[in-house]
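A short write-up of the structure that comes next.
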2 protein chains.
Amino acid sequence: MTAGARRRPGVSMADVARVAGVSAQTVSRVSNGHPGVVEATRRQVLDAMQQLGYRPNSAARALKRGEFRTLGVILFTLATTGNSRTVEAIAGHAAREGYAITLIPVAVPTQDGVLGAFTRLGELAVDGVIVIMEVHLLDAADLTLPPGVQVVVVDSDAGERYPVVDTDQADGARQATEHLLGLGHPTVWHVTGPAESFASERRAHAWRSTLEAAGRPVPPVQRGDWSAESGYRAGLVLAGEPSCTAVFAANDQMALGVMRAFHERGRTIPGNVSVVGFDDLPDSGAFFPPLTTIHQDFAEVGRRCVDGLLRQLRHEPGHAGTELVPTRLVIRGSTAPPPG
Amino acid sequence: MTAGARRRPGVSMADVARVAGVSAQTVSRVSNGHPGVVEATRRQVLDAMQQLGYRPNSAARALKRGEFRTLGVILFTLATTGNSRTVEAIAGHAAREGYAITLIPVAVPTQDGVLGAFTRLGELAVDGVIVIMEVHLLDAADLTLPPGVQVVVVDSDAGERYPVVDTDQADGARQATEHLLGLGHPTVWHVTGPAESFASERRAHAWRSTLEAAGRPVPPVQRGDWSAESGYRAGLVLAGEPSCTAVFAANDQMALGVMRAFHERGRTIPGNVSVVGFDDLPDSGAFFPPLTTIHQDFAEVGRRCVDGLLRQLRHEPGHAGTELVPTRLVIRGSTAPPPG
DNA sequence: GGGCGTGATGTTAACGTAAACATGGCTTCC
DNA sequence: GGAAGCCATGTTTACGTTAACATCACGCCC
């Protein structure tokens, strides 16, 4: 370990300036890469910084500049693939733009929970906020945030009040359903996600309208909770329906459970039954059989969130309403024409 | 640059003080819940705050107090279950302790990449850092961090230089291997993770020593990269080995791929072959068949990281060396005695 | 009844940085 | 040769908050 660099007392610009034999302002200029510092001086300052182990004090810097170069991300959980992939994309893209990410987890998905997060957030050093709001708030019809905070919302229906970025859920569900109809299946059964999820609601709605538009019967919905286990339970029910030859599960995990149920009941996939998922998890291609699914572009969602928020912060003309990120059908081994 | 005229509404304590007819110091006292403010005054100040939409400036506060109440988390990716679950636990526990989390993604796992992150981090508002270091640095034998930064490391071998928290990889691998031997299998084949991963290395080592301690032959290792796809490829090889009746895959995803390969080759699980994974993903119980695996307690890992770091920040006697979080075997449907 | 604690509130200064302005030496050009 | 300009660097000040100290009114006790 370098000895001279004990940083307990906080090395400041003044200290560096003293050692380098220049003024604090010159240290500031070097520190920020401003022009107009002669090379020899620059080197002296850099040496002094090195020697003292100087690191700029970001609090003072933020105080002076009036910005933190940090974005807050409010979310309920990182446990879902969608959220963690989106957050990763947000963090990566923000870093590229010179912004850091502060995570603000909300324990309970209620208006109070979110407001509590904002209160803490008010005391946090953030310039703007991205809210990843994948479920309906339990105690409020819509989301109301404190004024004076720049916001972008992911995956919500707050589009009239805040800029929203979302995967095009409806089009994805339509593609999935039409793919199965196109293979010749008379209709498509659906395993839906939890009622409080926006994404789940939209996928189910689009599945239904696609069937109706094609003049097909709409079978009863099986409700799951995104987990593979719930998909398994739904699959056991569907395996008992002799007329069921095609299933659209609202996510890949439930599709995994559905397929397990069919395996256990001796129904082959895709020989007897076809299955389509939604998400395109990294492992979906290794399911048994490899899963046909709808690919979501989480990286693009994250990128657009950051861009939208930064545009707001710079007072550039931002997009209003909802921005939809397209999905695409990935055909693998779990779908085929119906038996017979 | 953009015209500096447009700043945030910028309500400061002075503004609140003016409206409430008190001094800024009294506003500060109310803001921080300090005693010695009479109720009537307190109310006046709170009203003024409400009216003006005052939010404390955390930069000024941090500058004055010398702390940010924020912890940085340096990581390479959120895409692995382990990392995202650990980060979620860290964020939750930190929030409970009144700390926020700043994410610092590192694009490339090299010494330079990490140092780059620290440079950015030096300019970030953090009091300490948790490094989630699941792979060997590509260009340095071990991790060297700038001095003067409080650090806790997850999942690494830096134990002699920094406090480390990690899952007890070796004991988990031992449990997995002994479970299979205990069922009567003559030996256990292993699908390992990427060479640069610490966890992978340790699991493989413990698997090997467990076999050796039991006097069993050590079959050649199949190397994967954590992905289900790589597990599938390894599984195809193993399915060609008639003597292979038991497989320990270094994570659940690869176990998923291994099982798919066996299914495709007509080897039943657990009738012909037993499979054990590592991680206990939320979906592992819904694999076909439900996977016997080693459960990792990511929440506990996160909690201990935060506790350890906060102890350091408070200059309390911290633990040195490596703290191991125990694992436990979860027996499901993918393991049984060998055929015959 | 005067000295004196006590408790509420105000005043001052400082945290580390960077914008704005000031200085002073050196070149350039007529 | 001297005014003008320019460049490198220095000085001043303010950002919003809070610790430390200062003040002031009131009541209490001998």
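The figures that follow rest on heavy atoms only: side chains count, while hydrogens, waters and symmetry mates do not. Chain identifiers are assigned alphabetically (A, B, ...) following the order of the sequence lines, protein sequences preceding nucleic acid strands; residue numbering begins at 1 within each chain.
Applying the 4.0 Å criterion to OP1 and OP2 of D/dC15, one finds that B/N57 has every side-chain N and O outside that range. Listed pair A/R61 / C/dG16 fails the phosphate criterion, with no side-chain N or O lying under 4.0 Å from OP1 or OP2.
Both B/A60 and A/H34 sit near DNA chain C, but only B/A60 has its closest nucleotide nearer the 5' end.
Spacing between atom CE of B/M13 and atom C1' of D/dA19 amounts to 13 Å, rounded to whole angstrom units. Between the CD atom of A/Q44 and the P atom of D/dA8 there is a distance of 15 Å, given to the nearest Å. Taking atom CZ of residue B/R65 and atom P of nucleotide D/dG16, one finds them 17 Å apart after rounding to whole Å. In this structure, the NZ atom of B/K64 is 9 Å from the P atom of D/dT18, given to the nearest Å. Separating the CZ atom of B/R18 from the C1' atom of D/dG16 is a distance of 13 Å, rounded to the nearest angstrom. Remark: P of C/dT17 and CD of A/E67 are 17 Å apart, rounded to the nearest angstrom. What separates CG of B/N32 from C1' of D/dT17 is a distance of 9 Å, to the nearest Å. Look at CZ on A/F68: it is 10 Å from C1' on D/dG16, rounded to the nearest Å.
Put simply, the side chain of B/V73 reaches to within 4.5 Å of the side chain of B/I132, judged on heavy atoms.
Using a 4.0 Å heavy-atom criterion, one finds that A/S28 contacts the bases of the nucleic acid, with or without backbone contacts as well.
Look at B/R85 and B/E88 and you find no salt bridge, because none of the NZ, NE, NH1 or NH2 atoms lies under 4.0 Å from a carboxylate O. Of the charged side-chain nitrogens involved, none lies within less than 4.0 Å of a carboxylate oxygen, so that A/R311 and A/D307 do not count as a salt-bridged pair. Using a 4.0 Å cut-off between a side-chain N of Lys or Arg and a carboxylate O of Asp or Glu, B/E97 and B/R314 qualify as a salt bridge.
Under the 3.5 Å distance criterion, with hydrogens and angles disregarded, a donor-acceptor pair is assigned to the side chains of A/T102 and B/T102. A donor-acceptor contact closer than 3.5 angstrom links the side chains of A/R61 and A/S31.
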Just the table, please: protein N/O against nucleotides 9-11 of chain C N/O, every pair under 3.5 Å.
from	atom 1	to	atom 2	distance (Å)
C/dT9	OP1	B/T41	OG1	2.4
C/dT9	OP2	B/V38	N	2.8
C/dG10	OP2	B/S23	N	2.8
C/dG10	OP2	B/S23	OG	3.0
C/dG10	OP2	B/T26	OG1	2.9
C/dG10	N7	B/R29	NH2	3.0

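The distance from the CZ atom of A/R29 to the OG1 atom of A/T41 is 10.5 Å, given to the nearest 0.5 Å.
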